[in-house]
Amino acid sequence: MTTELPKTYEPTAAQTRWISEWESRGYCNADPQPDRESHTIMIPLPNVTGALHMGHCLNGTVQDLLTRWRRMQGREALWMPGTDHAGIATQAVVERRMLEEEGLTRRDIGRDALVERIWKWKDEYEVRILNQLKQIGASCDWRRVRFTLDDVCSKAVRRTFFKMFCDGYIFRGKRLVNWDTHLQTAVADDEVYTEDIDGHFWTFNYPVVDDAGQPTGRLIRFSTTRPETMLGDTAVCVHPTDERYTDLIGKNVQIPVNGRLIPIIADALLADKELGTGAVKVTPAHDPNDYACGLRNQLPMISVMNADGTINEEGGEFSGQDRLTAREAIVAKMDQLGHFEGVEDRKIPMKYSDRSKTPIEPFLSDQWFVKMDELAQSAMDAVSDGRVRIFPQRYSKTYMDWLGEKRDWCISRQLWWGHRIPIWSKKIVDGRQNAGADVQVVAEFRDEDGNVVQDGTVFHPSIPFRDQLAAVVVDGVESGDKLLLMCVADGCEELEKQLETDGFEQDPDVLDTWFSSALWPHATLGWPDREHNPPLQSGQQTADSGSDSRGNEVLDYFYPGSVLVTSRDIITLWVARMVLTGLYNMGDVPFKHVYIHPKILDGLGQTMSKSKGNGVDPLDLIDKYGTDAVRFTIASLCGETQDVRLPVGYECPHCEAITPQTAKHQKMAPRGGETPSITCKACGNDFQFPSPWFTPDEGAPVARIVSERFEFGRNFCNKLWNASRFAFMNLEGYASDALDDSELKTEDRWILSRLTTTAQQVTTMLERYQFDKATHTIRDFTWNEFCDWYVEMVKPRLKDEAARPVAQRVLVVVIDNLLKLLHPFAPFITEELWQKLNELAPVRGLQQQTEAADSVMIAAWPKLSTELIDDALEARFQRLQEIIVAVRNIRGQYKISPKEPLKLFMKCSPEVADQMQAVADQFDNLARTMLEAAGLDITPPAGAASFSLKDADGYVPLEGLVDNTAEKAKLQKQKQELETQIEGSEKKLASPNFVDKAPEHVVEAFRKTLTERKAQLESVTRMIEELS
RNA sequence: GGACCUAUAGCUCAGUUGGCUAGAGCGCUACGUUGACAUCGUAGAGGUCACAGGUUCGAGCCCUGUUAGGUCCACCA
């Protein structure tokens, strides 16, 4: 009847089989089920820039674990998969590759062609990423895969932008960006690097003038590294308490090179009395600090540079010159006018564009912003009143601090890959002028009640204003110009065409990636469409897809989500913004819990990343150790306090020995044209390895990066496999009769008691996101209790016809529950074993016999009666274990073969003696020892090894073998320990301070252990005397 | 510069509102392949809880400071 399992678990076949089987059975799908509670997790959308790494693997493992667990608890569990277009990162990757391989820049091929290439890249990596997720066992609803640039998400982006525009949350403003004058583009902060270069530090002075603009004879001195910015100075700044200048505050100076008068202001944040002359020139349009100062003091911002790095018309006689040429000319002119004071050489930090390797210029440009005050406040309230709870709680501070700044959110990016900003603009001269054939411009907008909402707002007479179109007039870049800006809602293609016909141009910029990912929790569920369920991947149907008449049930049912699982570095960028947009669009938070998990570090404590050369591909590990082993290990490391340090090594392709990775390996780069290699210490052969700095030679043996840490999980899986294998080999004749309580033996009651406690604890730990604790609890139960004790104890019963049925039934019940408890952690091996168990024991249970589910994935999460927990029995069992260990120790001490039978005499109370007689067969079974006698009146046999426990003393007669001196020494040592402890306890109890101040139960506990120890000391002393 | 986190066995980490002799896995040592498992079993060695003060009857845990490391944010005329 039994088909035997192989000796070791073979993961690959099981994984392949069950990934497709689960999907085809639709177990991963989630659809609205009104009679059940939902459980929703939205994946932290991975970027399509590249393949997943260990950080994603940890993130995914945790989400899948929660999803599988909740599904087994009977929730309709949705895990929503998808990917992020990741604007800057993806465009940069594709552009870099294009430049390296074909020597082309984006300007060479144009916007449409570049975007097309990026789509191709996205398609390739999306497939790869989704496949990786499937390989780690992710039970996502694959019918619902979303991408931030797909139609559903794009619609949500357009709607949100439009809604915010109408509500006055979106505004146009100036902002300093990192400008690459070579590529003529803005560059993100993380694409900028700083290098110290040899530069100059010039000192000049500006003459102070009186109210009539005439020189007063006083000069104010300052230093700068960029004299050309003088053309754009709009103030000179001093510290408010700097006595050298206090009398000058409020006066003006004249810029000698262009004659402009600018004020002397006081600003404690910008000026530093200790630095230089204490006075600073302020150029808000060309320096980040000056910009901030300019905002604080409402200074004019004069941009003096063109996009190509030449000086613009604001520069007067210097206009048209390159900024560096102008710098020399301005120094010369200042010298000529007598305002040059000196120059010194100095190392100055210079920012460079990573892509063009040319210096970055801070450049003032028009950008779009989201006003954050009210929105940020709403998101803060959600956390402070507990609608959103963050685990571990300390991360709430990060969230609150950041939102508390309420800094406006710059949402425009000078890129081509992303959601195009839905604004069309046209220059007009007068706000009342006709802006186009059908677009009539009026000076003001009135709402339904006839109140003026915003001056300068316009509307289109034939279009319902708040439905499709909103507009605003702003000042153009050139003085005197007005710019008419039209914001168009989603789904108004006709209108867009008309605007273009009317001479409007769409804003070339795209939205910040985070603008779309902020909408992820509701956009993926189909918002803003309230009428229809969101579309599924082509060819897929929901169970009730014909129910559109009831509106968007998917959104109603799955929003708000249950928990967001993510890492701490995007609490601000992503988590906070999701809460904010969720409240804004949906009127409710996007999730109730946020679980912040640890980050994966390498053996040196650095965060893991491909670019550092310390990354690990989860598929390498899965290939080597199996998915379950990887998941189980990761979960075991996933606690509340620390990041996960994961030392990695290179696995020798010749002999599989692992060479630990060091900092040296991470930095190894080709020298003299030769690809670096490592010599294996085990077999002496050379191998190459993956690295960000080079590609291994074709055909060369390449090591994969692995970590021995995962043997923890692999060994555990093997243990579980073999314990089950043993049980399955002994299930012949299994019958599913109800178990009568009286049929259960001590070990049965014990393991059921322990199983119940374990199931309770694991459930509680999962509720608290304590994955490390949950993992260790299950492992300890499985290995140290079930395998080491229970399985060993039932072995004789399984060979005994009469005793077998009850033992089989209990064994089946324990394995049944164990597989269920373990399934969220190790889905594949538990499913393999479950199927096997279903063949051998399809109906199982204690009092109630039930037919097992077709798959452990859809089985009910264990819920055992607390009546099974028996503390007194567990305590008795512990004594049994201690005696067996003590006898084994005696064997070890005297090097007696495990095969040699021994005898045991126990001196103890009659009550304890009875308990011991009841389990006497286990002394024989587990220690090959016959319990000869037990009781108060036993006579210690001569020539015996002995041991003393809390409430019993044991004697093992060893004719001629016993070393009395050693026995005495052993007991003496124990005696001494007891005496030390007793002394300590007595001292404590003698102190009135302790007895008075410590809580009653603590004092009581001390008294109790003191009594016990004194009794044991008496035994040990007596035993020593007996030996003499 | 600000905020947060970390420091416990050779390595990677647990350690609950302070309470009796600080735990686990790996590694190490000795012994062991009788039918679940050598990816195993039995037993063992191994800790000045980073350092210095303080609070307390009592501190790995609380407070202050120091040192080292990490992360995020800001800043660097």
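Every chain is numbered from 1, with letters handed out A, B, ... down the list of sequences. Since the structure is predicted, the reported quantities are computational estimates derived from the model, not experimental observations.
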- request: Would you indicate what A/P999 reaches in the nucleic acid, counting non-hydrogen atoms under 4.0 angstrom: base, sugar-phosphate, or nothing?
  value: base
Do the rings of A/Y769 and A/Y595 sit parallel, tilted or perpendicular, given the 30° and 60° boundaries? parallel
Expected string for nucleotides 24-39 of chain B under the B/S/- scheme (protein heavy atoms, under 4.0 Å, primed atoms plus P, OP1, OP2 as sugar-phosphate) is -S----------BB-B
Requested in this report: Quote, to the nearest angstrom, the P distance that separates B/A30 from B/G69.
Outcome: 39 Å
For this session: Using the P atoms only, state how far B/G1 lies from B/G19, rounded to an integer number of Å.
Result: 37 Å
Sorted by chain and residue number, the salt bridge (Lys or Arg N to Asp or Glu O under 4.0 Å) partners of A/K997 (sequence neighbours excluded) come out as none
Does A/I751 offer a backbone N or O that forms a donor-acceptor pair with the side chain of A/E785 under 3.5 Å?
no
From CG of A/L1017 across to P of B/U21 the rounded distance in Å is 16 Å
Once you apply a heavy-atom cut-off of 4.0 Å, does A/R1013 come out as touching a base, just sugar-phosphate, or nothing?
base
Decide yes or no for A/V812 and A/Y734: does some side-chain heavy atom of the first lie under 4.5 Å from some side-chain heavy atom of the second?
yes
From CG of A/D602 across to C1' of B/G69 the rounded distance in Å is 13 Å
Rounded to whole Å, the CD-P distance (A/E1004 to B/G19) equals 18 Å
The dot-bracket string of RNA chain B, counting Watson-Crick and G-U wobble pairs with both distances under 3.5 Å, using [ ] for crossing pairs and | for pairs to another strand, is (((((((..((((.....[...)))).(((((.......))))).....(((((..]....))))))))))))....
| said: Work out how far the C1' atom of B/A14 is from that of B/A7, and round it to whole angstrom. | reply: 15 Å
- Just checking A/D290: base, sugar-phosphate only, or nothing, at a heavy-atom cut-off of under 4.0 Å? nothing
Atom CZ of A/R645 and atom C1' of B/G69 are separated, to the nearest Å, by 8 Å
Could you work out the separation of B/U33 and B/G25 based on their P atoms and round it to a whole Å? 24 Å
Got more than 12 heavy atoms from elsewhere within 6.0 Å of CD, A/E767?
yes
5'-most contact on RNA chain B (nearest-nucleotide basis), A/C237 vs A/L573, goes to A/L573
Could you tell me whether A/E986 and A/R1013 have a side-chain N and a carboxylate O separated by less than 4.0 Å?
no
Using the P atom as the reference point in each nucleotide, state the distance between B/G44 and B/C61 in Å, no decimals.
-> 30 Å
query: With rounding to whole Å, what would you report as the distance between B/C40 and B/U34 at their C1' atoms?
result: 15 Å
> Checking all strands, does A/R407 fall into the base, sugar-phosphate, or nothing category for heavy-atom contacts under 4.0 angstrom?
Replying inline: sugar-phosphate
Would you measure the distance from the C1' atom in B/A22 across to the matching atom in B/A59 and give it in whole Å?
13 Å
Q.
Ring-plane angle category for A/H200 and A/W202, please: parallel below 30°, perpendicular beyond 60°, tilted otherwise.
A. tilted
Quick check on the 6.0 Å ring-centre criterion: do A/F716 and A/F825 meet it? no
Kindly indicate, with the supporting measurements, whether the criterion side chain to side chain donor-acceptor pair (under 3.5 Å) is fulfilled by A/E882 and A/Q878.
CA-CA 6 Å; A/E882 283 169 8; A/Q878 193 188 333; 3.2 Å; yes
Touch check for A/V885, heavy atoms < 4.0 angstrom, all strands: base, sugar-phosphate only, or nothing? sugar-phosphate
query: Which value, in whole Å, describes the distance between the P atoms of nucleotides B/G10 and B/G47?
result: 7 Å
Between CG of A/N925 and C1' of B/G41 the distance, given in whole Å, is 14 Å
* Asked: Can we say A/D287 and A/K281 salt-bridge, meaning some charged N sits less than 4.0 Å from an Asp/Glu carboxylate O?
  -> no
Discussion item. Considering every strand and a 4.0 Å limit on heavy-atom distances, what is the contact class for A/K397: base, sugar-phosphate, or nothing?
Written reply: sugar-phosphate
Separation of B/C72 atom P from A/M400 atom CE, nearest Å, is 22 Å
Whole-Å distance, A/K988 NZ to B/U21 C1', equals 13 Å
Answer yes or no: does atom CD of A/E405 have more than 12 heavy-atom neighbours from other residues, nucleotides or ligands under 6.0 Å? yes
note: A/L601, atom CG; B/G69, atom C1'; distance rounded to Å ~ 11 Å
Go through the N and O atoms of the side chain of A/T1009 and the base of B/C20, and report whether any donor-acceptor pair is under 3.5 Å.
yes
